[in-house]
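Read the structure below first, then the notes.
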Amino acid sequence: MTFTRNRIFSLGTILLVLFSRGLALADDGYELWLKYRTLDNAVLLSHYREAITSVILPGESGTIQIIRDELKRGLDTLLGAGLRFSASEPRGNALVLGTPASSAIVRRLLREGTLHSLGSEGYLIKSVTSSKNRLIVIAANGDIGLLYGMFHFLRIIQTRQPVVHLDIFSSPRIRYRLLDHWDNLDGSVERGYAGRSLWKWDALPEKIDDRYRDYARANASIGINGTVLNNVNANPAILKLEYLRKVAALADIFRPYGIRVFLSVNFSSPTSAKFEQEGNRKGGIGNLDTADPLDPQVRRWWKDKVKEIYRLIPDFGGFLVKASSEGMPGPQEYGRTHAEGANVLAEALKPFHGIVMWRAFVYDSSVDPDRVKRAALEFVPLDGLFYPNVFVQAKNGPLDFQPREPVQPLFGTMARTPLLLELQITQEYLGHSTHLVYLAPMWKEYLQFDLFSKGPGSTLASIVDGSSRTTDMTGIAGVANTGDDRNWCGHFFAQANWFAFGRLAWDHSVSAEQIANEWIRMSLTSDSGSCATISSIMMDSWEACVNYMTPLGLHHIMEVDVHYGPGPQHDSGREDWRSVYYHRADSAGLGFDRSSTGSNAVGQYFPPLRSIFDNLETCPEKYLLWFHHVRWDHRMNSGRTLWEELCERYTSGTDQVHGMYGQWLSLEGTIDPEVFSHVKNKLERQVIDAALWKDTCLSYFQHFSRKPVPGQR
Ligand code: BDP
C-alpha cells in the first residue's frame, strides 16, 4: 500500500489526537496538586468567568512574573478561556493583585484596615464591590505575600469554592517552614524512597535542571519558605567553594519563590582532611587540628566561611547541625557542651541574620539506660545558654519517628530556648513509599498534644508557633520525601504528605480532613462520591498502619537497618537498636516500664501528664506499652486481656488495609487509569506486608504469652 500525503497527514492527526488524549488521561504525577484541570461544571464555570474578566497585576519583579505565569497557566486552564492581563486600573469585574506600593486599590484597602499585621508573607483576599464593578483583591505588603495569596486563590477555584463575599486574612503561624533533605553529595538520599536526589551536583552550577523551578513552585504553593539541601549526616565538602557555587545557583532559582537555602554542616569542617578515617565522618575541609568551639582559630574559621557564603548567597538561611550523634562529630569531643558548639556558629551567622538549627537527636548511652530520656537529660540543663539565633531542633517524639510516640518532653521543659519541631515526611518507619499512610492525622495528634508546661492548653503547637512564649524564632521542618522519580515522592499518595506538611506549617489549625479534601480535589478528582471514598481511605490509613505495625504503644520492632518490615526478634548489635530492648516481652507480659518505678521517663513530663502516664489505669492505651510492662492478662478498656487486645489490633490493622484496597478498587473508571493502577499495585503489596507484620509479631509474642490467637485454628 502506498500512502498519499493526505493519508499520512490524517494518520498523523489520528495518532496525535490519540496520543494527546492518552497524555491527557494518563497522569504520571509530575504536576502534583497543581493540575488545574478545566472545570466541567457549567454553573461554576460561568460563576468564575463572570467574577474574573481580567487580571490587574502591576510590577515586573521575578516574583511578579512567576505570579503572572502561574495565574495564566492556572486560570486559563481552569476556566478554559484566556484572560486579559494588565497593570492598570480595572474595567469590569477583575482580579486585582497588588501591594501598597503598586496599587491604589490596595492602598485604599489598607486605610480600612489590617495590612500591617500581615507581615512580609501574609495576604488578604477580599471581595470589593463598587458602583462600577466587583473586584477580588489580593493584597500583601510584598510580592512574596502576593505569591502565597495567588496560590490560595487558585486553590479556591481548584477546590470549586465560590468566589463571592471573600474575606480572607492569612498569615503564617510559624516563621521558618522548612524541608530538610537528607540528600548526599553522591546523589543518594538517606531514607529516600523516590529515586535519587533532586540536586544534580555534578551538573551544577552550569546546568539548571527544570525540576528546580518546579520544586520551588510546588513548595511556594503550600507556603514552605526554606530548604536544607543536604543530609544531616553532613559531608564537610558542602562548604567547599566549588559546592557553594552550586548552592548559590539553586538559591538564585529559589529566591523569587520566597525560598531560602540552608545547609547541614559537619562540626569537624574546620579540621584537616587528614583526620578522616574510613567511616568515621571526621576530617574536614580546613587546615586546623581541632574543631574545639572555644579555640579562637576555629571561631575565625567559621566566621570566614560564613562571610564567604554570604558573598555568594546574600539571603542564606543558616546551618543545621547533627552533632555528637550517631557517629557525627561534635563539641563533646573537646569537652564542650552543645550550647558552646552551637554558639560558635551562631556568632558567625549573627551579623547576616542567619540561624543555627542544632539537633537534639542524641542518645548517648552513658547518659541514661533508657534511650528515650537521653535527649532531654542532655539538653534541658542547657536551657537559656544558647545564643538567640539558635534553635534546638527536636523530633516530634523522644525516640525516632515511630508510627506513634508521645511527644518529646523537652518541648515543655526548655522554656528559654527557641524550639524547632522536626517531623518526618519520608516514611522511614511507616512503610516507605510503598504503604499508603496519610500523615496529617498523626501530625495533628502531636501538635494538639498538651504538655501542660504552662498549665492546660500548652499544646505542642502553641510552643512551636510561639503563641505560648515570647519569641518570633519559630520553626518547623519536615524531612522531605522527594526524589527524582517522575512523580516526586514514589507513591502518589505520599504527595499528600508533602502537601499536608506545608499546609500545617502555615496553619496548624486546619484539620487533617480538610487538607485531605483539598489535596484530593486538586490532585485526583472533584467527584464528591470518589472524594469521600478517597478521604476515608486516607483518614483511616495512619491508625491502620499503627495497628498492623506497632499497636498499643509498641515501638522500634522493625527490621534492622532498612526499617521496613517487622523484626520483633531482633537482638544483636547496640542495645538501644535492638527490638527486644524496646518491647521487653517475657512470660509475664509486654512493654517497656517507664513508670516511676521503672525508668521514670514519665518524670520528664509535667503534672498531671506525669501521673496520668504513670498509672496503668489512666495511661491512654495508645501509649500503654510505651510506658508500662503490662501483664498478658491485664484487662483492657474493651474487656479483653492485653493478649487478646494485641491480637485484635493486629487483626483490625490488616482488615483495615483490606478495606482500603476494596475501597480503592471501587474507584476504577472514576479516576485517572495510570494513578489507579499505580496505587492498586502499591496497595496489593501493603495488604501482604500488613499480614506479614501481624503474623510475624503475633507468632513471636505468642512464645511469651503462650496463649492462642483468637480465631486462629
Ligand atoms: C534515624 C535514621 C537515620 C538518620 C537519623 C537522624 O535512621 O538515617 O540519620 O535518624 O535523624 O531515624 O539523624
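Order of appearance sets the numbers: ligands from 1, and atoms from 1 within every ligand.
- Within the 4.0 Å heavy-atom criterion, the part of Y429 lying near ligand 1 is the side chain and not the backbone.
- The shortest side-chain heavy-atom distance between L460 and L451 falls under the 4.5 Å cut-off.
- Of all protein heavy atoms, the one closest to atom 2 (C) of ligand 1 is E428 OE2, 3.2 Å.
- Tested against F592 for a ring pair (Phe, Tyr, Trp, His ring centres under 6.0 Å), the candidates Y581, W626, Y623 yield a single pass: Y581.
- The proximity of N233 to ligand 1, defined as any non-hydrogen pair under 4.0 Å, is limited to the side chain.
- Between Y215 and H181, the ring planes lie tilted relative to each other; the angle falls in the 30° to 60° range.
- Under the 3.5 Å distance criterion, with hydrogens and angles disregarded, a donor-acceptor pair is assigned to the side chains of N231 and E190.
- At a heavy-atom cutoff of 4.0 Å, ligand 1 is contacted by the side chain of W182 but not by its backbone.
- The shortest contact between atom 13 (O) of ligand 1 and any protein heavy atom is with K322 NZ, 2.6 Å.
- Contact annotation: Q424 has no heavy atom less than 4.0 Å from any atom of ligand 1.
- D400 OD2, 2.6 Å is the protein heavy atom nearest to atom 12 (O) of ligand 1.
- Remark: R574 is positioned above the aromatic ring of W577, its terminal NZ or CZ atom under 6.0 angstrom from the ring centre and at most 45 degrees off the axis.
- For W199 and Y243, the ring centers sit 6.0 Å or farther from each other.
- Under the 3.5 Å distance criterion, with hydrogens and angles disregarded, no donor-acceptor pair is assigned to the side chains of D576 and Y363.
- Ring centroids of F493 and Y438 are separated by 6.0 Å or more, keeping the two rings apart.
- Distances from ligand 1 to the non-hydrogen atoms of H563 include at least one value under 4.0 Å.
- Side chain to side chain, E378 and Q332 meet the donor-acceptor criterion of an N or O pair below 3.5 Å.
- Interface atoms of ligand 1 facing R191, defined by a heavy-atom separation under 4.0 Å, are 2 (C), 3 (C), 7 (O), 8 (O).
- Of the polar atoms of K395, at least one N or O is found under 3.5 Å from an N or O of ligand 1, judged by distance alone.
- For atom 5 (C) of ligand 1, the nearest protein heavy atom (residue, atom name, distance) is E326 OE1, 3.4 Å.
- For atom 3 (C) of ligand 1, the nearest non-hydrogen atom of the protein is E190 OE2, 3.3 Å.
- Contact analysis puts F361 in contact with ligand 1, with a non-hydrogen atom separation below 4.0 angstrom.
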